[in-house]
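Just follow the structure's listing: the first ligand is 1, and inside any ligand the first atom is 1.
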Amino acid sequence: MKHELPSLPFAKNALEPHMSAETLEYHHGKHHKAYVDKLNALIPGTEFENLSLEQIVQRSSGAIFNNAAQTWNHTFFWNCLSPEKQSPGAELSQAINESFGSLDQFLEKFSEAAVATFGSGWAWLVKTSDGKLAIETTSNADNPLHHGRTAILTCDVWEHAYYIDYRNERPRFVKTIMSNLIHWKFAEQNFKMRRSTAAA
Ligand code: MN3
């Protein structure tokens, strides 16, 4: 099965001034595309050839995992971003308040975790198996899906995510994204989804 680079869910300049068209041209058009192309080059003739992307992320390791997970992570990340400033809906708000105290406290903890991630990686809000919310960070391509947890939202903290617009200032990038661009409707959908692809 050939995997495709999905189109961005917004115009390339729609997230300006927080994320430039140039960043998206590289991050989506070159970095994300490269993961998709490498995945397509690696899987023919392997047991992963006819699996869905999610199944590959769940079952693979090594180079196939790295490229499959980065393909999935980036698609998920684009869906986490919105040109329209939003707030979390009632159900997700309540869960955030229960787990973190308030939205502001969540944003602060999430940003701290994202900024503290050493090297390349991702910060995630996840739903754990007991239905609670937690913040976690992963290195390189790793993600919650591989570990059986449901991703609610993410922020890419690889340097390629922010170097064009923010240079070395990861804290300012994370704060700006989390305060202005989060697609809370998408996060809420993920929170409400009772999906278990692990059994697929
Ligand atoms: Mn990236």
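W158 and H31 share no side-chain donor-acceptor pair at under 3.5 Å. No side-chain donor-acceptor contact under 3.5 Å links H28 and H74.
Aromatic pair F186/F76: ring centres closer than 6.0 Å.
Rounding to the nearest 10°, we obtain 90° for the angle at the Mn ion (ligand 1) between H27 NE2 and D156 OD2.
Just one residue in the list H32, K33, E22, H160 forms a side-chain contact (heavy atoms from CB on, under 4.5 Å) with H27, and that residue is H160.
Residue H31 does not count as close to the Mn ion (ligand 1), with no N, O or S atom under 2.8 Å.
Shortest distance from the Mn ion (ligand 1) to H160 is reached at NE2 (N/O/S atoms only).
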